[in-house]
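Lettering of chains follows the sequences in order, A, B, ..., and the numbering in each one begins at 1.
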2 protein chains.
Amino acid sequence: MAQVLVAPRLRLNRDRVLQAAVQLADRIGIDALSMRRLAEELGVVPMALYKHVANKDELLDGMVDVIVAEIDPPNGDLGWKAAVRLRVLSARQMLLRHPWARSVLESRTRETPTVLDYMESTIGMFLAGGFSADLTHHVMHALGSRMWGFTQELFDASAGPDRPPVDIAAQVAQLQAMAERYPHILQISEVATHDDSVVARGCDDRFEFEFALDLLLDGFERLRDAGWSSDARPTA
Amino acid sequence: MAQVLVAPRLRLNRDRVLQAAVQLADRIGIDALSMRRLAEELGVVPMALYKHVANKDELLDGMVDVIVAEIDPPNGDLGWKAAVRLRVLSARQMLLRHPWARSVLESRTRETPTVLDYMESTIGMFLAGGFSADLTHHVMHALGSRMWGFTQELFDASAGPDRPPVDIAAQVAQLQAMAERYPHILQISEVATHDDSVVARGCDDRFEFEFALDLLLDGFERLRDAGWSSDARPTA
DNA sequence: ACCTGAACACCGTTCAAGT
DNA sequence: ACCTGAACACCGTTCAAGT
């Protein structure tokens, strides 16, 4: 009788399933993550997973919980502005570790307790900072998905399929073709053109993210100090 | 011999395929839109589509082109601020007509000519408004997906599966359970509580969208007037 | 030039059965 | 209580063939 060669399997449980799913998505991407592929990874038949998650949707919700729990808790010693800033930057670090998380967070209503906890404590930071409930409400909307550390790339390389390896010659040709049809895009693209060399510097993602975040935080502060209220809103 | 009862079919072409795909997605949602379902809609075998779009990804890109072309062109008679504002609100109207568009726009790198044209003319509005190329670059990042009219709902009902019909009694019970664990969330939820009646007013999406948009536009203007430059950026 | 039919390699999920 | 095996109703896409 041939000896069984697979490693002795630990008993499955919900947490092991979710942890494995997160790690697998980190490695192979969210599109390639299927119930069948995950089962294979765990050395188990696909249907075995259904004892621990009701279906794929619940698996994705569970994965969101795992990663949202990775975001640092609020630092109570700082003022509201620094505290919110630090926390959102922590969310951004989480997103950078799990590039698939953005599309998953965006694709669901995400009202799990972990997600609600995150929002609850974020709202608490504004209220503690002297924001009215009214203003806090609108401020949370304005912050929007940036609360999750979403960086809004103009052309989001991470959103689409993997880019083909960079062909410098082709890129230069493409940029020069663009110069005619899209002069403004080229102008703001931080592209340095000398003689016939064209070099795209690319964006400093962290700088762009903080630029937008600080613009919003400064705006929030100004409204708070001005005693802003939605009572002045135009009648619909 | 039985007469053929299907309506006499028009010849397929790329445009008819894309138009049909947009209408079908409007009707049945993006998840239910498959090559097979679309072929059925057009009274054709699935493989017939592949003569007009290379694959499903190209179909989605084509659908994006169709709806981005629906956004109003810039109005040159207004100042930059009103022009940008009006145009982004036009994009938002388009998104409301095509609820699936948000996730599709977000899921691709979207560098099609139609999309580039939209960005080109948006950038042009800022440059014409006296913004430096430097500031315009960062402003476009800060505007981010709001440029496409994306409204950032705290709990995005449209992002998830269809909500079950509202059960008032269940909702009240849920809100009261939430009051203990998530007091801050409840506090900013525009929820009026009298005696034991709990009524959630919900958000005015248009107001939230314009609040955030105007906050950003005001911030942009202030930076422009202050002669902002990224040269002062902190060293990484 | 355009459309068809059969097939391939995948999905998520059900059901009834095993231990 | 947990895992399995076979099956169902779907996918996107290929290939070779029809008209």
Fill in the blank from the handout: In whole angstroms, the gap separating C1' of dC11(D) from CG of Asp57(B) amounts to 15 Å
Fill in the blank from the handout: Between CG of Leu49(A) and C1' of dC11(C) the distance, given in whole Å, is 14 Å
Problem - Gln187(A) and His137(B) side chains, donor-acceptor separation under 3.5 Å - result: no
Problem - Strand partner of dA16(C), provided both Watson-Crick or wobble distances fall under 3.5 Å - result: dT4(D)
Exercise for the section: Calculate the interatomic distance between Leu59(A) atom CG and dC11(C) atom C1'; express it in whole Å. Expected result: 14 Å
Practice task
Give one of base, sugar-phosphate or nothing for Met47(A), where a contact means two heavy atoms less than 4.0 Å apart.
Solution key: base
Handout entry: Parallel, tilted or perpendicular, as decided by the 30° and 60° cut-offs, for the rings of Phe211(A) and His138(B)
Key = tilted
Problem - Short side-chain donor-acceptor distance under 3.5 Å, Thr112(B) and Asp61(B) - result: no
Handout entry: Phosphate-side-chain proximity, His52(A) and dC3(D), N/O vs OP1/OP2 below 4.0 Å
Key = yes
Problem - Rounded distance (Å) that lies between atom C1' of dC11(D) and atom CG of Asn55(B) - result: 14 Å
Practice task
Mind calculating the distance between NZ (Lys51(B)) and C1' (dT4(C)) to the nearest angstrom?
Solution key: 11 Å
Problem - Ion pair check, Arg92(A) and Glu210(A), cut-off under 4.0 Å - result: no
Exercise for the section: Would you kindly say whether Arg87(B) and Ser121(B) are connected by a side-chain donor-acceptor distance under 3.5 Å? Expected result: yes
Problem - Pairing nucleotide - dC10(D), Watson-Crick or G-U, each distance under 3.5 Å - result: none
Problem - Rounded distance (Å) that lies between atom P of dC10(C) and atom CG of Asp31(A) - result: 16 Å
Exercise for the section: Mind calculating the distance between CZ (Arg36(A)) and C1' (dT4(D)) to the nearest angstrom? Expected result: 13 Å
Exercise for the section: To the nearest Å, give me how far apart CZ (Arg37(B)) and C1' (dA9(D)) are. Expected result: 15 Å
Practice task
Please determine if a side-chain N or O atom of Lys56(B) lies less than 4.0 Å away from the OP1 or OP2 oxygen of dG12(D).
Solution key: yes
Completion exercise
From the candidates dT13(C), dT13(D), dC11(D), the one with an atom nearest any side-chain atom of Tyr50(B) is dT13(D)
